[in-house]
Amino acid sequence: MSDVADALVVFGITGDLARTKTLPALYDLAGQGILTCPVIGVGRRPLRTDELHEHARSAIEAAKGETLERRVLDAFLSRLSYIGGEGQEVFDRLDTALKGAKLPVFYLAIPPASFLDTAEELQHEGLLDNARLVVEKPFGTDLVSARELNRRLTALVP
């Protein structure tokens, strides 16, 4: 079995962290030929795919300026889709979107207080089987809470 991800799910794709850091970094990975899988953005607000593409285009253009390669940007955007909303509906739609994915990566660019709830919902839906989970910092509010969060997350995703 390959250890290469076949889907990347980015929770918080419309947030500030994604705009300033995540989207430009994903563009860079696409330009290096490293990011070749579908990218599914997840956010609370409803957006059409073309609206997400414009959000991503704007963020990447602002970050890259003159070094932007349109070919790379267009290739990245062609892989980018979006699921918006809250609650169970989002996870049901995500389950459908990931059908056939064998090794998804879930990247949580969301408030740290939501890490565990989101991971538990992914586990409840059976989406963490053979998956990797990446959480953005800060990780906990102190050493004790960081250790507890780590313990609970690694129980879900060893």
Side-chain angles (χ1 to χ4, degrees), residues 1-47 49 51-53 55-56 58-60 62-64 76 79-158:
M1 181 170 147
S2 172
D3 62 352
V4 176
D6 55 4
L8 173 62
V9 179
V10 180
F11 282 83
I13 194 82
T14 60
D16 188 57
L17 177 65
R19 183 179 52 75
T20 60
K21 301 292 184 194
T22 308
L23 288 164
L26 293 176
Y27 162 87
D28 286 342
L29 291 173
Q32 296 166 25
I34 296 170
L35 180 65
T36 58
C37 65
V39 178
I40 303 167
V42 179
R44 288 188 302 235
R45 61 184 167 152
L47 288 178
T49 298
E51 292 174 314
L52 176 63
H53 285 189
H55 169 76
S58 171
I60 294 166
K64 297 299 167 184
F76 169 65
R79 277 191 216 92
L80 183 61
S81 62
Y82 183 73
I83 296 173
E86 295 187 61
Q88 186 61 44
E89 177 189 347
V90 169
F91 292 96
D92 292 343
R93 291 176 57 209
L94 184 56
D95 185 35
T96 300
L98 287 172
K99 286 298 183 219
K102 303 280 189 251
L103 189 61
V105 173
F106 296 96
Y107 177 73
L108 307 185
I110 56 178
S114 301
F115 291 166
L116 188 58
D117 290 342
T118 301
E120 286 175 339
E121 191 58 43
L122 289 168
Q123 177 67 26
H124 176 74
E125 291 297 316
L127 296 173
L128 289 181
D129 299 339
N130 298 316
R132 289 179 263 183
L133 181 70
V134 180
V135 295
E136 188 54 64
K137 61 184 181 188
F139 193 86
T141 56
D142 57 20
L143 183 58
V144 171
S145 66
R147 284 182 174 158
E148 178 63 12
L149 180 58
N150 187 61
R151 183 188 69 73
R152 294 184 69 186
L153 289 176
T154 56
L156 298 172
V157 185

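Treat the numbers as computed from the prediction; the structure is a model and nothing was measured.
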What residues, two or more places apart in sequence or in another chain, satisfy side-chain contact (heavy atoms from CB on, under 4.5 Å) together with Glu121?
Gln88, Phe91, His124, Glu125
Among residues at least two apart in sequence or on other chains, which ones pass side chain to side chain donor-acceptor pair (under 3.5 Å) with [X]?
X      : value
Thr141 : Ser145
Asp129 : none
Asp16  : Arg19

For residues 107-120, tabulate all N or O donor-acceptor pairs below 3.5 Å that involve a side-chain atom, not counting sequence neighbours.
{"unit_1": "Tyr107", "atom_1": "OH", "unit_2": "Glu136", "atom_2": "OE1", "d": "2.3"}
{"unit_1": "Thr118", "atom_1": "OG1", "unit_2": "Ser114", "atom_2": "O", "d": "2.9"}
{"unit_1": "Glu120", "atom_1": "OE2", "unit_2": "Arg152", "atom_2": "NH2", "d": "3.3"}

Apply side chain to side chain contact (heavy atoms under 4.5 Å, CB included) to residues Leu156 and Leu133 and explain how you reach the verdict.
CA-CA 10 Å; Leu156 298 172; Leu133 181 70; over 6 Å; no
Looking at Arg151, is its backbone amide N or carbonyl O close enough to the side chain of Thr154 to form a donor-acceptor pair, meaning the two atoms are under 3.5 Å apart?
yes
Check: Ala101 main-chain N/O paired with Asp6 side-chain donor or acceptor under 3.5 Å:
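No; judged by distance alone, with no hydrogens or angles, the pair does not exist.
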Return the [atom1] to [atom2] distance between [X] and [Y], rounded to the nearest 0.5 Å.
X      : Y     : atom1 : atom2 : value
His53  : Ile60 : NE2   : CD1   : 10.0 Å
Leu103 : Leu8  : CG    : CG    : 11.5 Å
Lys137 : Leu17 : NZ    : CG    : 10.0 Å
Arg45  : Ile13 : CZ    : CD1   : 11.0 Å

List the atom pairs, with distances to 0.1 Å, where a side-chain N or O of residues 23-32 and a protein N or O form a donor-acceptor pair under 3.5 Å, not counting sequence neighbours.
{"unit_1": "Tyr27", "atom_1": "OH", "unit_2": "Glu69", "atom_2": "N", "d": "2.7"}
{"unit_1": "Asp28", "atom_1": "OD1", "unit_2": "Lys64", "atom_2": "NZ", "d": "2.9"}
{"unit_1": "Asp28", "atom_1": "OD2", "unit_2": "Lys64", "atom_2": "NZ", "d": "2.9"}

If I compare all heavy atoms of [X] with all of [Y], which pair ends up nearest, and what's the gap?
X      : Y     : result
Val10  : Val39 : CG2-CG1, 4.2 Å
Ala56  : Leu80 : CB-CD2, 3.8 Å
Ile83  : Ala97 : CD1-CB, 4.0 Å
Val105 : Ala5  : CG2-CB, 3.6 Å

Between Val42 and Phe106, is there a side-chain heavy-atom distance shorter than 4.5 Å?
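They are not in contact (no side-chain heavy atoms under 4.5 Å apart), so the answer is no.
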For residues Arg147 and Asn150, determine if any side-chain heavy atom of one lies less than 4.5 Å from a side-chain heavy atom of the other.
no
Would you say CZ of Arg132 has more than 12 non-hydrogen atoms from neighbouring residues, nucleotides or ligands within 6.0 angstrom?
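Buried by this count: over 12 neighbours within 6.0 Å.
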